[in-house]
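In what follows, a single structure is set out as structure tokens and then discussed.
Below, read A as the first sequence line, B as the second, and so on, with proteins coming before strands; counting in each chain starts at 1.
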Amino acid sequence: MSDSNEEKKAPARPLPKLNELDTGEFWQATANKEFRYQQCANCGTIVWHPRAHCTGCVDGDLRWKVSAGMGTIYSFSVVRLSYHPFFRTKVPYAVAYVDLDEGPRFLTNVTGIDDPLTEVRVGQRVALAWEKHDELSIPLVTPA
Amino acid sequence: MATQSRDAAIVGIHEYPSRDVEGRVNALQIKAASAAKALADAGLTWSDVDAIYDAGEGGPMSGLMISEYFGIKPTVMDTTGVGGSSYEFHAAHALRAIREGKAKVALLTYGSTAHSNAMAIGAGGRGGGISPGDNMETFAGQTLIANYAMVAQRHMYQYGTTSEQLAEISTATRFHAMRNPEAVQAMTDLDFVGIQETTIEDVVNSRMIADPLHLLECCMVSDGGGAVVIASADVAANCKKSPVWILGTGEATKYPENGADITTSAGAQSAPIAFAEAGVSPAEMDIAMIYDSFSITVLALLEDLGFCAKGEGGAWVEGGRLRFDRPNDGPALNTDGGGLSSNHPGMRGIFLLLEATRQLRGESTSQVADARLAIAHGNGGMLGARHSAASVILGRD
């Protein structure tokens with residue numbers, strides 16, 4: 001069925017879909033290394049993840065904003081065991097919830113460190129570190 | 001207690017004994033075999049069932065498909081499927097349907113061959129869905145275990161909780177499992193290393209899977225299933241076993257939100273609703289059947305259900321307090337051996353109802369003397385992200 005080239009390809013990070021109707025616009029902006037989030041001009045709610053409606057009011061008026069790219073690690077784990085074809089080659093690696101200074105809490109990986117077992121902690125200040133792909137960039141973080 | 005309503009009771013139960021079916025039966029057959037045994041346990045039969053509850057693990061259009069497969073014609077159908085807690089939701093909904101007079105005999109079933117299918121539940125990739133949430137998160141490679149681990153990590157940061165305290169959950173559960181022949185057989189069939197009581201040291205010295213959670217803080221992936229029959233008071237009066245009344249229920253959800261505290265689960269919302277309806281307090285519980293997907297799930301839930309204050313769970317569980325032979329120290333935890341050491345085929349919620357019922361009937365292998373009240377609390381989905389919770393308070397006559 002699948003050609004042999006497909007099978008030989010190295011396992012790759014699973015990438016988001018650019019045409020997903022709620023979050024596609026976020027991902028399209030990452031091509032320019034922009035971390036966008038939504039705020040309602042009517043009620044002020046910061047909506048995350050991105051979506052078409054405001055969760056704070058029923059006559060929402062969502063506007064895109066761009067994060068300055070600084071945040072704090074809310075919690076993390078170092079994955080030692082994964083059966084995923086790509087991530088199994090990356091263990092041990094750190095996954096983290098990061099609270100951006102503007103409010104959105106997003107899930108990501110900590111990069112730019114030698115040892116995730118000793119260099120990641122709750123409350124740590126981090127900065128966005130973009131991983132470039134063909135049509136988008138992945139927002140990772142690195143110690144600030 | 002005088003205002004406590006006794007409109008519906010668990011009257012029949014069955015836990016499918018095998019945790020490794022080696023391809024000999026499928027999930028639907030486990031559901032049907034368990035249903036037949038649970039109905040027989042109650043002294044009822046297929047044609048008595050007028051309400052079907054199904055979480056959809058058997059396939060699409062589950063309420064219709066399972067009715068045909070069983071050969072029943074229910075007039076109440078509920079296919080709430082919100083993960084491992086679905087069965088506590090089903091019990092809550094069955095109580096309401098029976099109280100309303102829409103049903104007299106409700107049937108809940110579960111079947112899974114997760115072990116035989118080699119399903120990588122805990123450390124596999126995220127599901128192939130393209131929900132907006134998935135589209136934001138899948139790139140990070142957060143295993144399910146890592147999701148729960150992030151709750152533990154934050155709990156440790158906020159409250160000083162230690163791995164040794166979390167290990168208390170695992171050791172108490174294993175202590176109970178060693179008294180349950182089906183749990184011992186399960187661990188044997190699933191090739192557990194060291195099928196014996198464990199120490200705190202055993203747990204914290206076991207392999208790290210996702211910091212700070214060790215191997216012995218993670219549930220098994222088994223085959224299995226079971227069934228529960230819930231009946232109206234008039235039907236229950238003529239059943240073979242004494243009724244285990246559903247005294248109160250509560251339901252809730254939680255999902256990632258900016259600035260939210262992930263050490264508090266949806267259980268903090270569902271449990272007070274259930275206790276209020278039942279007219280009882282956490283301190284009165286003899287039995288706590290709490291979904292032990294991981295050690296941290298139980299620790300956070302002991303706090304959320306009101307057994308101790310938020311953040312104090314670590315100190316509260318110390319010294320073997322959760323064992324069945326410590327009745328003056330609060331409820332006995334997961335006396336069947338739990339998902340950690342007895343049965344976890346993916347959605348454990350039904351087993352919480354089964355063991356709570358066995359305790360209130362006096363049928364447990366780690367029987368608490370004169371157990372009168374139990375809570376079954378299901379948590380479905382991911383504790384550190386989106387999850388559903390339902391609390392069910394049970395009591396006997």
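- No donor-acceptor contact under 3.5 angstrom links the side chains of Ser82(A) and Thr143(B), judged on distance only.
- Using modelled atom types, one finds no donor on one side chain facing an acceptor on the other under 3.5 Å when comparing His133(A) with Glu135(A).
- For Ala385(B), the parts lying near chain A are the backbone and the side chain together; criterion is any non-hydrogen pair under 4.5 Å.
- Heavy atoms of Tyr157(B) lying under 4.5 Å from chain A belong exclusively to its side chain.
- Using a 4.5 Å cut-off between heavy atoms, Pro139(A) touches chain B through backbone and side chain atoms alike.
- Between Phe86(A) and His84(A), the ring planes are perpendicular. Angles over 60° get that label, and only those under 30° would be called parallel.
- Contacts of residues 39-59 of chain A with chain B at a heavy-atom distance below 4.5 Å involve Ile46(A), Trp48(A), His49(A), Pro50(A), listed in sequence order.
- Under the 3.5 Å distance criterion, with hydrogens and angles disregarded, a donor-acceptor pair is assigned to the side chains of Asn343(B) and Ser222(B).
- Heavy-atom neighbours of chain B within the stretch residues 111-123 of chain A, taken at a separation under 4.5 angstrom, comprise Leu117(A), Val122(A), Gly123(A).
- In this structure, a donor-acceptor pair under 3.5 Å is absent between the side chains of Thr297(B) and Asn379(B).
- In summary, Asp261(B) and Lys254(B) do not engage in a salt bridge, as defined by a charged side-chain N under 4.0 Å from a carboxylate O.
- Asp22(A) places no side-chain N or O within 3.5 Å of a backbone atom of Pro132(B) that could act as its donor or acceptor partner.
- Ala94(A) does not touch chain B: none of its heavy atoms, backbone or side chain, sits under 4.5 Å away.
- Neither the backbone nor the side chain of Leu15(A) comes within less than 4.5 Å of any heavy atom of chain B.
- Thr263(B) and Arg154(B) form no side-chain donor-acceptor contact under 3.5 Å, judged by distance and modelled atom types alone.
- For the residue pair Gln153(B) / Ser75(A), no side-chain donor-acceptor distance below 3.5 Å is found, with atom types taken as modelled.
- In this structure, chain B has a heavy atom under 4.5 Å from the side chain of Tyr93(A), while its backbone stays farther away.
- Of the listed residues (Leu21(A), Val78(A), Leu81(A)), the one with the most heavy-atom contacts under 4.5 Å to chain B is Val78(A).
- His155(B) and Gln165(B) share no side-chain donor-acceptor pair at under 3.5 Å.
- For the residue pair Asp134(B)/Thr138(B), the side-chain donor-acceptor check at 3.5 Å is not satisfied.
- In this structure, the portions of Ile262(B) lying under 4.5 Å from any heavy atom of chain A include both its backbone and its side chain.
- Heavy-atom neighbours of Lys310(B) NZ from other residues, nucleotides or ligands within 6.0 Å: above the threshold of 12.
- For Glu20(A) (side chain) and Thr23(A) (main-chain N/O), a donor-acceptor pair under 3.5 Å exists by modelled atom type.
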